Asks: 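Got a structure for you, written out below as structure tokens; questions coming shortly.
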Amino acid sequence: MNLKLFREMRNSKGPLQQEVIDSYADGRMSRRDFIRRGTVVGLSLPFMNVIIAACGGPVTTTVGPGTTAGTVPATTTPPLTTVPPVAGGVIRVAAQTPRVLDPVAMQDLSSYNLVAQTFEFLAGLGVAGDIGPGLAESWEANADGSVWTFNLRPGVKWQDGSDFTSADVAASMDRLTEFGNSGLKGVIEAGAVDASDPSKAVFTLLGPNGNFPYLVSLYNAQALITPVGFELGQTADGNPNGTGPFKIVSFDPATGAKFERNPDWWGGQTPLDGSEWSFFDDVGAMVTATSAGEFDAIVQFQLLGGEALLNNADFNTVITKNTTHRQIWMRCDTGQFADKKVRQALALSIDRKALIDTLFSGYADIGNDHVIAPLYPFFDETQEQRPRDIEQAKTLLAEAGKSDLTADLHFGELQEIPELAQLIKTQAAEAGITLNLAGENNDSFYGNAWCPPDPADPPCSGATELGIVDYGHRAVPDVYLNAALKTAGVWNSSQYTSAEFDAAFTEYQAATTTEAHKAPAAKLQRILTEDTPIIVPYFYNFVSGYFKTFQGLRSSALGQVYLDQASKV
Amino acid sequence: MTRYLARRLGLSILTLFLIVTIVFLIVNVLPGDIGRRISGPFAPQAQVDALNERLGLDDPILTQYLRLVKNTLTFNFGDSFSLDRPVSGVIGSALGRSLRLAAFALILTIPLSIAAGVFAARRRDSLSDRTVVTLGLASSSIPEFVSSVILQATIGVGLGWFHVVGRAPEGSSIWTNLSYLTLPSVALVIVYFGYIARISRSGMITALEADFTRTAVMKGLTTRQVLRRHVLRNGLQPTISVIGVQIGYVLGSLVAIEKIFNYPGLGLTIVNAAAKKDLPLLQAGVMIVAIIYMLATLGADLVVAWMNPRSRLEAEA
């Protein structure tokens with residue numbers, strides 16, 4: 001190790017960054033995790049390369065169209081640019097029908113994708129699928145991680161020709177907090193951004209948060225930066241004035257959207273002239289059309305039913321590990337599941353491996369009834385996996401006096417959830433549990449079963465006693481923990497209340513490094529598995545793809561497809 | 001004829017009024033908060049309340065109903081709740097697509113099925129007749145969502161002859177548009193061929209056995225003259241009535257085909273509007289379908305009346 005260089009570099013940084021550097025140097029953190037975590041705490045890729053070199057490791061190179069090293073991220077998708085890009089052309093993309101392109105209120109993957117073609121985040125898609133520089137070139141925190149300074153990229157212009165400044169960041173964050181963005185709730189308040197220097201956005205948080213850059217990145221999909229004059233409720237097609245690589249030419253929610261290259265994009269000329277998006281209500285029809293060559297790329301499809309694409313030698317299937325999961329909530333405060341033994345019994349009746357094999361052809365991580373996914377660097381692998389144990393389930397039900405348990409299982413008709421519900425019903429029946437399937441249109445499900453608006457206090461206290469709800473990928477599990485499981489959390493449909501959990505979560509939130517996260521995360525895992533307010537059967541992989549006539553498409557684990565580096569082969 | 005037409009139009013207006021009322025009642029009986037459904041499950045309640053107020057959903061039910069009647073009378077349905085754009089544009093685009101699909105499908109179906117019906121009727125109880133009848137029964141027994149998927153898998157994906165989606169890219173030529181519409185249209189042909197061919201065959205048999213046909217033959221007309229002047233004119237009347245009814249159906253009820261071929265026509269638009277409780281869009285869609293249905297039926301009745309004055313006189317009586 002080059003100790004002199006290492007010390008010089010290390011001592012030039014603050015305590016938050018020093019802890020990350022020390023973790024790598026001590027061997028407590030892998031090179032991959034060092035780059036990942038280092039990016040989050042504001043270390044640049046060149047800086048991390050020097051540290052890696054000083055420690056005797058191989059350096060990381062960047063891929064991109066000639067921008068500053070470290071500013072253009074690598075990708076989670078298989079082949080990047082394998083041959084020189086062909087300039088020009090339009091890519092045809094198949095996506096599910098979006099709802100409304102409201103950057104602040106959007107909730108579906110198609111809307112995320114469409115809006116992200118033309119609007120950008122402070123932190124974009126980085127190395128190995130993590131976050132990296134976006135509209136902010138770099139960022140750093142104070143000693144305890146309660147004040148974060150984002151250094152904005154110079155020369156960025158809105159599509160109307162005006163300059164992008166910190167005032168735009170401040171206005172965007174105020175809109176998000178006013179709307180009640182789930183990622184930022186309890187983290188910042190309106191007026192949190194000091195925009196006195198147009199080139200710097202200084203965030204003062206409500207408390208220390210080592211993961212804050214994730215919350216203003218593409219992994220908080222609504223945290224896009226919109227201009228000062230953008231009003232709450234406006235849509236990206238209604239006010240199409242972004243900073244991104246493409247401009248919206250047309251948008252029709254019934255049919256599709258068109259984008260053309262933004263010639264003034266700060267990242268330079270995109271190889272593609274533009275993109276044409278077609279919308280589908282039916283995933284099966286989307287897979288069929290793509291496999292017939294009607295489209296060049298598909299934003300998302302399921303392995304179950306996606307064989308036509310999976311078996312196509314000319315098609316790149318992109319499988320990205322992520323933390324998307326389903327939560328089977330059980331009311332802990334009232335009803336048949338109020339007794340922990342009943343909740344544990346249902347969890348014990350589930351054959352998780354069979355679910356994963358049947359629904360995802362094996363492409364999913366097994367869940368253990370908590371939300372700390374195996375993908376997170378602080379996941380505790382030593383925790384014992386909950387097995388399937390029908391006899392134990394029956395014993396617990398008998399002890400709880402619920403041997404003849406019958407309940408309605410509510411769910412929305414979304415992706416594989418109806419099949420999951422059917423499988424759970426079959427598996428639970430072996431333990432003597434009778435589940436009646438109560439599926440409904442996904443649009444009405446959230447308001448009817450999962451979190452009805454009334455009664456509003458505590459939130460979700462009108463939820464049904466049992467149901468399945470979907471949770472998308474999050475780069476950190478804070479939203480799952482804060483909204484779905486913390487006492488009086490805004491999405492706490494199981495009405496779970498645990499002082500022990502809340503204390504562990506507070507400890508987790510205060511931690512600013514991966515190492516510091518490990519102990520509280522392990523506690524949270526064990527508390528949740530023991531109390532079982534929710535059953536988490538799996539964390540499934542995100543699947544998208546494109547034909548080999550194109551290259552350079554990049555996907556985030558959340559499912560946004562970035563076309564700025566895409567080109568024809 | 002004028003009296004007949006006036007009576008039919010009067011009945012049509014009454015029917016439309018009833019449809020407006022029924023759709024309004026159904027939508028308002030269904031549970032659920034429209035503002036919440038549009039804003040999504042995570043929107044603050046204040047925003048949901050503001051949206052409900054902006055859309056006039058907080059108004060008394062009678063006020064909402066009267067507003068709807070007024071909008072219907074003036075053909076001003078306002079903005080779609082869920083799409084946040086004028087209903088007229090959404091419905092206009094969807095109707096245009098449905099009309100193109102229906103027109104192409106009917107152009108393929110009507111001559112083919114009438115010819116098959118006439119062919120079978122003239123060879124009653126022969127092998128040819130039985131073949132047409134059996135083929136017709138078999139084809140109309142296959143649900144359109146099954147035939148659509150088979151067509152996609154074989155002719156679309158397998159052979160690659162035609163597109164497996166119904167909508168051509170914007171600015172495509174008429175031939176490109178037709179090539180995109182071919183498979184969904186063939187799926188429709190499969191559904192309607194048997195039905196129309198059987199009606200046509202049955203009408204033709206009745207006409208062939210009628211006294212006026214025997215008289216025409218007896219007075220020495222050629223077979224071609226008998227068929228053209230007497231048999232076809234009388235034998236096709238039930239077929240025309242059926243086609244009139246089917247035009248309304250084809251325009252508004254092709255949800256399965258539209259879904260499978262990802263063709264956002266009127267049927268799919270109405271279904272999506274119903275799922276989202278998008279009352280203006282739903283109301284406008286249902287009204288358009290009802291109007292088309294009535295116009296098509298009226299048109300068919302007028303054609304029949306023109307072809308056969310007896311039916312006109314019966315109606316006027």
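Remember, it's a predicted structure, so these values are computed and weren't measured experimentally. Just the heavy atoms: all of them, side chains too, but no hydrogens, waters or symmetry mates, feed the values below.
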Asks: Side chain, backbone, both or neither: which part of A:Phe295 has a heavy atom under 4.5 Å from chain B?
Replies: side chain
Asks: Is a side-chain donor or acceptor of B:Ser179 paired with a backbone partner of B:Thr176 at a separation under 3.5 angstrom?
Replies: yes
Asks: Pick whichever of B:Lys259, B:His163, B:Arg97, B:Glu170 has the most heavy-atom pairs under 4.5 Å with chain A.
Replies: B:His163
Asks: Which one wins on heavy-atom pair count under 4.5 Å against chain B: A:Ala254, A:Gly238, A:Gly293?
Replies: A:Ala254
Asks: So, does A:Asn492 use its side chain to make a donor-acceptor pair with the main chain of A:Lys486 at under 3.5 Å?
Replies: yes
Asks: Count the heavy atoms belonging to other residues, nucleotides or ligands that lie under 6.0 Å from CD1 of B:Ile61, then report whether that count exceeds 12.
Replies: yes
Asks: Pick one: which of A:Leu176, A:Ile188, A:Val104 meets side chain to side chain contact (heavy atoms under 4.5 Å, CB included) with A:Asn181?
Replies: A:Leu176
